[in-house]
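In what follows, chains are A, B, ... by sequence order, proteins preceding strands, each numbered from 1.
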Protein chains: 2
Amino acid sequence: MALEHAILVSLLEKPGSGYELARRFERSIGYFWTATHQQIYRVLKRMEADGLLAVREVPQQGRPDKKEYSVAAPGRALLSAWLHEPIEPESLRHDLAVKIRGAAFDDPAALVREVERHRAVHGDRLAHYLAGELRDFTGPGAPTPLDAGQELQHVVLRGGIAYERMTIAWLDDVLATLHRLAGAPPAG
Amino acid sequence: MALEHAILVSLLEKPGSGYELARRFERSIGYFWTATHQQIYRVLKRMEADGLLAVREVPQQGRPDKKEYSVAAPGRALLSAWLHEPIEPESLRHDLAVKIRGAAFDDPAALVREVERHRAVHGDRLAHYLAGELRDFTGPGAPTPLDAGQELQHVVLRGGIAYERMTIAWLDDVLATLHRLAGAPPAG
DNA sequence: CGGGCCATGTAAGCGGTTACATGATTTC
DNA sequence: GAAATCATGTAACCGCTTACATGGCCCG
């Protein structure tokens, strides 16, 4: 399981509460790993019980108190060990591809709206990533030079950008194919 | 769950046994959806019990008998219903990205070999996809013109090819970044 | 005679999703 | 007064992974 490791990395970058982690998983870390708050709270508890994390109760004004987690020495050792062992290259799980192949046994034209919707979502994500890149790494307000951690965050973000661009181009290809099939189903 | 749907699509393309499905999930369908044989056998049983699939015992010579599954009318209806309802755009789950960000708290240079290994795997996959494209869709032995099902299979395969190309380019970017960090960690 | 292929399963465990639950403060 | 934000949880379910299990045929 890599959620543990993602939490360790995120807490090393900056200690925070379960709620804050959940928000990060909707943003930067979430670009390549998703998690809901329910899951995060449960894993945080377990990691704390295992001695991987330290907790500090932080009283707040006008807001509920929070528990700020930070990485303890064993947590850091665990992460280090994981970093040094090989992992399996990812395999895709792409529902939409299943749908596209399935469209051969249904009405291909009915998929157009769905594919367009996905294209819009990926367009939004790309815009969001590009704005983040400008803000944190390449814009006038960004630190120069970047330190190692920032360089690594940037290259990961570039991966997200490349993924979204590739996906958008592919969805355009899919749409063109669907239109071709709808335009001339029997004729060549 | 989309495994059910992936199985329906695969069996509509061609009826087959659990074993054969498992092999397909290592190949064409597996380009965008993975599944192990254990999982497939269990789901096949459930789908048969639910009346989505029909089974036929096929005696064989020199080989164990097999059960050939095909899609029954309710299965086809289920697939059709799924095709007409919207699905969530995928979110990435990329362990390697977690590792890369984690490298900021360890030795970035230690990641080089791991990234190179991933790059090699994706290079192999790309070569494999390109060979399949030539064999089934663009080569001299391929049917012309392609029917709708083949066109859709081809556009999905083009997605896999685009994904692998993008990933390889990104891993090169990651390697360049790691080398830069190793070459001049304190100096700008 | 070892290894790989064909063929089908059972069992345990756990990571992740979904639904449910609470409650104060701030903002429109 | 409604909705969003901050903040933390419990409970049930289920899909998926991993390990274990069997057994004949073919090829080198």
R117(B) bridged to E114(B) by N-O distance under 4.0 Å
yes
Considering just the side-chain nitrogens and oxygens of R46(A), establish if one lies under 4.0 Å of OP1 or OP2 belonging to dG15(C).
yes
Name each donor-acceptor pair under 3.5 Å that joins a side chain in residues 138-149 of chain B to protein atoms two or more places apart or in another chain, with its distance.
residue, atom, partner, partner atom, Å
T138(B), OG1, E133(B), O, 3.3
D147(B), OD1, G149(B), N, 3.0
D147(B), OD1, Q150(B), N, 2.8

Where along nucleotides 17-28 of chain C does protein come under 4.0 Å, by heavy atom, of base (B) or sugar-phosphate alone (S), with - for untouched nucleotides?
BBBB--B-S---
Connected via hydrophobic side-chain network under 4.5 Å: W82(B) and V9(B)
yes
Quick one: do the D136(A) and H154(A) side chains pair a donor with an acceptor below 3.5 Å?
no
Can the ring centres of H94(A) and W170(A) be said to be less than 6.0 Å apart?
yes
Strictly below 4.0 Å, heavy-atom distances to any atom of DNA chain D: list the hits from residues 9-22 of chain B, or just say none.
none
R24(B) CZ - dC6(C) P separation (whole Å):
14 Å
Pairing donors with acceptors under 3.5 angstrom, does anything connect the side chains of R93(A) and T34(B)?
yes
Atom pair distance, as rounded to whole Å: NZ in K66(A) and C1' in dG9(D):
17 Å
Is it the case that over 12 heavy atoms from other parts of the model lie below 6.0 angstrom from the CD atom of Q60(A)?
yes
Take the protein atom NE2 of H5(A) and the nucleotide atom P of dG16(C), then report the distance between them rounded to whole Å.
11 Å
Between C1' of dT8(C) and CZ of R56(B), the distance in whole Å
18 Å
Could you tell me how far apart E88(A) (CD) and dC16(D) (P) are, to the nearest whole angstrom?
18 Å
Pairing donors with acceptors under 3.5 angstrom, does anything connect the side chains of H122(B) and E164(B)?
yes
Presence of K67(B) side-chain N/O under 4.0 Å of dG9(C) phosphate oxygens OP1/OP2:
yes
Rounded to whole angstrom units, what separation is found between the OH atom of Y69(A) and the P atom of dA7(D)?
13 Å
Using only side-chain N and O atoms of Y41(B), determine if any of them is under 4.0 Å from OP1 or OP2 of dG9(C).
no
Establish, from distance only, whether the side-chain atoms of D107(A) and H84(B) form a donor-acceptor pair under 3.5 Å.
no
Take atom CG of L44(A) and atom P of dG15(C), then tell me their distance rounded to the nearest Å.
14 Å
Atom CZ of R23(A) and atom C1' of dT5(D) are separated, to the nearest Å, by 8 Å
